[in-house]
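Following: one structure in structure tokens, then a few remarks.
Any value given below was found using the heavy atoms of this structure, including those in side chains, with hydrogens, waters and symmetry copies removed. So that the names make sense, note that chain A is the first sequence line, chain B the second, and so on, each numbered from 1.
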Amino acid sequence: MENNLPKNYDPRAFEDRIYEAWESSGAFTPKIDKTQKPFTIMMPPPNITGQLHMGHALDQSLQDVMTRFKRMQGYCTLWLPGTDHASIATEVKILDKIKAEEGKTKEDLGREEFLKRAWDWKKQYGGRIDTQIRKLGSSCDWSRERFTMDEGLNKAVVEHFCRLYEKGLIYKGSRLINWCPVCGSALSDIEVEHVDKNGKYWYFRYPGADGGEGITVATSRPETMFSDVAIAVNPDDERYKHLVGKTVILPLVGREIPIIADPYPDPEKGTGAVKITPSADPNDFEVGLRHGLPVIECIDESAHMMETAGKYAGMDRFECRKAWVADLDAAGYLVKTEDMVIPTGECYRCHTVVEPRISEQWFVKMKPIAEPALKIAETGELNFVPDRFRKIYDHWLEEIRDWCISRQLWWGHRIPAYYCEDCGEMVVAREEPHTCPKCGGHKFRQEEDVLDTWFSSQLWPFSTLGWPEKTEDLEYFFPTTTLVTGYDIIFFWVARMAFASVDEMKCSPFKDVLIHGLVRDAQGRKMSKSLGNGIDPLDVIDQYGADALRFMLLSGIAPGSDIRYSNDKVESARNFANKLWNASRFAIMNLKNEDGSFKPIAGEDTARLMPEDRWMLSVINDSLADITANMEKYEYALAAGKIYELIWNQFCDWYIELAKGRLYGDDEKQKETTRFVLVKALKALLKLLHPFMPFITEEIWSFLPREEGAKDFLMHESWPVYDPALDYAEDVATLELAMDAIKAVRNIRAEAGAAPSKKLGVVLLAGETERKRLEAAESYLLNLANLHSVSFASGKEEVPEETMSAALPGVEIYVPLDELLDYEAEYARLTKERDRLTTEVSRQEAKLANQNFVSRAPEKVISNEREKLANYKDMLEKVLSRLPLVEAKLKR
RNA sequence: GGGCUGUUAGCUCAGCUGGUUAGAGCGCCUGCGUCACAUGCAGGAGGUCGUAGGUUCGAGUCCUGUACAGCCCACCA
């Protein structure tokens, strides 16, 4: 191994290698330890057809940051990965492929051959996304990986189905369901997306059967008229009262249908009269039931017109619409048309307009199952982060209707219902029955339909742990701790896992649900295939590294809200990684000898520490509680920001700069101490950053000296905790004052236009405490402000007249002008400072003169304000006394 | 129709339970090839915190109205 990190930060050089080392050593696999607390996350299983996208990258980063954090905190941590069979998506994808390659259709292949092909496809491509997830650094336990159609999960699905059936919560029936003519399957309510489309109302006159006036109705779907079975009017609608009970003729069709009174029609809408089409509209279906109306279908499974549509039979539904409207118009039945925005249902997969159809399907009775799921959210057993998403969950469960779970597909869990070939009797059973309970027959035919994909994924939190068997894993890791997912998936999955788990396991499947938003493009648009604006995470990883991508995703998010992706953000995360890389390189360079052995490092002897050492250790130590609290509350962006600040603005900008003087000096003892602090600080920082940037931190770690009893990997080290022994308030104050003074001198130098390389001398006039601190900090000033001398004046009279100056609370800083030679700049600076301080002083005075404030505000706040005022006054006074001197010089 | 979110520097966003001079990254301006890093260093400019009221000693932060942007839910012909 090399002695030090390579000069350039190149994540490609080590990310894969490190992942491989972790995985092959079993670093992600927890050893069940009853004395430890478990921490469990179930990975939302990506579709096997899926390609990694930015949404996954965010989802994975969140899960990994919490898994790594909890693991370091000492929890027995399981993050269980897996994939979903994604019934429709996969079936469509495979069929498309076969069609393209062999020209064969689903029917050509037959069920058995198709399934064989599907499994082959799964074997060949199904693991693709796993490889991609590894690139992100996800520390999930691949030895426990599951697939929603593997043997164990199959068993779980069948078991759950049978139990629900036995409880009377699953039934089969003919209902109006959402039908996707392209997918050729029923859909559940949430698989239908509502889109507003520009369309029309067509007003048609239905002439009276008795030759009377008839009635005019508006419709947005004229092609369904062949299925009309009545015209409904509101019983309170005076316009139509006299027509109720009469019949009208379906134009051109000639069928006679009744005019009925029903509360459903809204007199304000359209003409107030509604055509009733039970086979094509849920409301109409209900009306039909109330009035005992027949159901007539006119559109088939592929959205073509049926025989009932007469001469239009065989036409596509939308072609028929055109022809039919033209014919009605020609015949004089079209009264008028009106442009209108029509709410339309689309298939969430293929965006085909969904056709409501009467069809025999399997349903889950939802009310009794939904109620206990609502309860766990109410009691806090299930907790949403952010909390507002609970409302969405509640609302959906409160309004829930029965769940259509059967799909007319082949790829999926076949419904465990069997029909006796002899008498047709249906048996729902865990295995194919031998004997028909009704007729004693032995031949059975299994239900053709498969289950909704989500029927299996709802069991994911416990089926993956072995349920329905009572396994050790299930016992120990269930219920899980946190579920991480996007808000778009709350209904599809989160709510369903909740009710399935409450039903089978009698508890919530997880304590917290962490909801995140979508990753959008730089313009704020949703990343989508159709827009072609998607960014491939793998390309980003290749260019900037997984650590940079993760850090960008994790630091750019407010909980629950969307995030905009931009290359600039990843680039700045990469720059941060590069910064850490080089700081570490600096440290390691100073830690090792030529031959790679470590130079002597001071032990834990605090007496030897210098103020800057104590400051560094104290600053890190002080922020631990905050950072940890942020991590516990899923506030990763806040934690990341603090860690970034510590590494860049404290460790790199100040500590390393201060360390240089000592490391390049001759004092061996000083060097040993500096090395000690460098290592101690860097190690703590690497631990803090590790959950966010696992690769670079692990890589750097491997170059640092190992302590006795150290773990194999940084990922197994302990999360840092606050140490009261490292609280050095006085040293922190000293360093902070020194930093302010250094900045002030740098500022004077820049404003005066003096070269950075030019050494300056400064005179300090300071109060007692400040002077002590500054004396302790003299070497820092010399080095970091590039000075040749620092001298302390005991009073104004000792300060040279011609200087540029700066005022800090309790300190005046003077740089003699003969070293700077720029009165104008000094005058401008002083004037500006005078104005600023005058404003501040009057603001503070007004505040403190306010009786209300003084009498009501807490004592601490008031004394704070008083102190501020005193500081401002002090500083202002100094400025005011300097001003005339400089002015005089200017005039000369 | 119901519900939710956002509106803070040119851009992307922080700002926790109301209390230092409202912050960061990127961009911009001025210097700097200094031996960890130019993927960098030092310094700097830039904000009436959408708008109108209210509560309070004190409001970016709480309340109400309002405008704009966006999202979700919903069986309106």
Pairwise distance CG(L518(A)) to CD1(I563(A)) - rounded to 0.5 angstrom: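 If we round to the nearest 0.5 Å, L518(A):CG and I563(A):CD1 are 11.0 Å apart.
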
Closest to the [X] side chain, choosing from [options]:
{"X": "H395(A)", "options": "A36(B), C73(B), A77(B)", "answer": "C73(B)"}
{"X": "N747(A)", "options": "G19(B), G3(B), G43(B)", "answer": "G43(B)"}
{"X": "S561(A)", "options": "A14(B), A77(B), C4(B)", "answer": "A14(B)"}
{"X": "Y264(A)", "options": "A77(B), C72(B), C71(B)", "answer": "A77(B)"}
{"X": "R564(A)", "options": "A36(B), U12(B), G25(B)", "answer": "U12(B)"}
{"X": "K660(A)", "options": "A36(B), G43(B), C26(B)", "answer": "A36(B)"}

Give one of base, sugar-phosphate or nothing for [X], where a contact means two heavy atoms less than 4.0 Å apart.
{"X": "F285(A)", "value": "nothing"}
{"X": "S566(A)", "value": "nothing"}
{"X": "A522(A)", "value": "nothing"}
{"X": "E657(A)", "value": "base"}
{"X": "L638(A)", "value": "sugar-phosphate"}
{"X": "W648(A)", "value": "sugar-phosphate"}
{"X": "K579(A)", "value": "base"}
{"X": "G272(A)", "value": "base"}
{"X": "R388(A)", "value": "sugar-phosphate"}
{"X": "D266(A)", "value": "base"}
{"X": "Y664(A)", "value": "sugar-phosphate"}
{"X": "F491(A)", "value": "sugar-phosphate"}

To the nearest Å, give me how far apart [atom1] ([X]) and [atom2] ([N]) are.
{"X": "I563(A)", "N": "U12(B)", "atom1": "CD1", "atom2": "P", "answer": "14 Å"}
{"X": "Y487(A)", "N": "G3(B)", "atom1": "OH", "atom2": "P", "answer": "20 Å"}
{"X": "N575(A)", "N": "G25(B)", "atom1": "CG", "atom2": "C1'", "answer": "11 Å"}
{"X": "R746(A)", "N": "C32(B)", "atom1": "CZ", "atom2": "C1'", "answer": "13 Å"}
{"X": "F389(A)", "N": "C73(B)", "atom1": "CZ", "atom2": "P", "answer": "13 Å"}
{"X": "F576(A)", "N": "U39(B)", "atom1": "CZ", "atom2": "P", "answer": "18 Å"}
{"X": "K7(A)", "N": "A38(B)", "atom1": "NZ", "atom2": "C1'", "answer": "10 Å"}
{"X": "D653(A)", "N": "A24(B)", "atom1": "CG", "atom2": "P", "answer": "13 Å"}

Could you please name the partner base of [N], counting Watson-Crick and G-U wobble pairs only when both distances are under 3.5 Å?
{"N": "C13(B)", "answer": "G23(B)"}
{"N": "U66(B)", "answer": "G50(B)"}
{"N": "G1(B)", "answer": "C73(B)"}

Between [N] and [X], is there an OP1 or OP2 to side-chain N/O distance shorter than 4.0 Å?
{"X": "K569(A)", "N": "C26(B)", "result": "no"}
{"X": "R749(A)", "N": "A42(B)", "result": "no"}
{"X": "K391(A)", "N": "C4(B)", "result": "yes"}
{"X": "W654(A)", "N": "A42(B)", "result": "no"}
{"X": "K847(A)", "N": "G19(B)", "result": "no"}

Pair of N/O donor and acceptor under 3.5 Å linking U39(B) base with R574(A) side chain: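 A donor-acceptor contact between them is present.
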
Between [N] and [M], how far apart are the two [atom1] atoms, rounded to whole Å?
{"N": "A42(B)", "M": "C26(B)", "atom1": "P", "result": "12 Å"}
{"N": "G46(B)", "M": "G23(B)", "atom1": "C1'", "result": "13 Å"}
{"N": "C72(B)", "M": "C16(B)", "atom1": "C1'", "result": "27 Å"}
{"N": "A45(B)", "M": "U30(B)", "atom1": "C1'", "result": "10 Å"}
{"N": "G70(B)", "M": "C13(B)", "atom1": "P", "result": "15 Å"}
{"N": "C4(B)", "M": "C62(B)", "atom1": "P", "result": "16 Å"}
{"N": "A69(B)", "M": "U51(B)", "atom1": "C1'", "result": "15 Å"}
{"N": "G2(B)", "M": "U20(B)", "atom1": "C1'", "result": "44 Å"}

Which residues share a side chain to side chain contact (heavy atoms under 4.5 Å, CB included) with E645(A), sequence neighbours left out: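 Expected list: N649(A), Q650(A).
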
NZ/NE/NH1/NH2 to OD/OE distance under 4.0 Å, [X] and [Y]:
{"X": "D189(A)", "Y": "R401(A)", "value": "yes"}
{"X": "K197(A)", "Y": "E346(A)", "value": "yes"}
{"X": "E223(A)", "Y": "R221(A)", "value": "yes"}
{"X": "E845(A)", "Y": "K873(A)", "value": "yes"}

Distance flag, aromatic centroids of Y348(A) and F492(A), threshold under 6.0 Å: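 Yes, the ring centres sit under 6.0 Å apart.
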
Modelled atom types, side-chain donor and acceptor of Y264(A) and N234(A), under 3.5 Å: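 Y264(A) vs N234(A): no donor-acceptor pair found between side chains.
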
Y565(A) and N567(A): CA distance, side-chain angles, deciding distance, side-chain hydrogen bond (donor to acceptor under 3.5 Å, both in side chains) verdict: CA-CA 7 Å; Y565(A) 174 88; N567(A) 264 335; 2.9 Å; yes

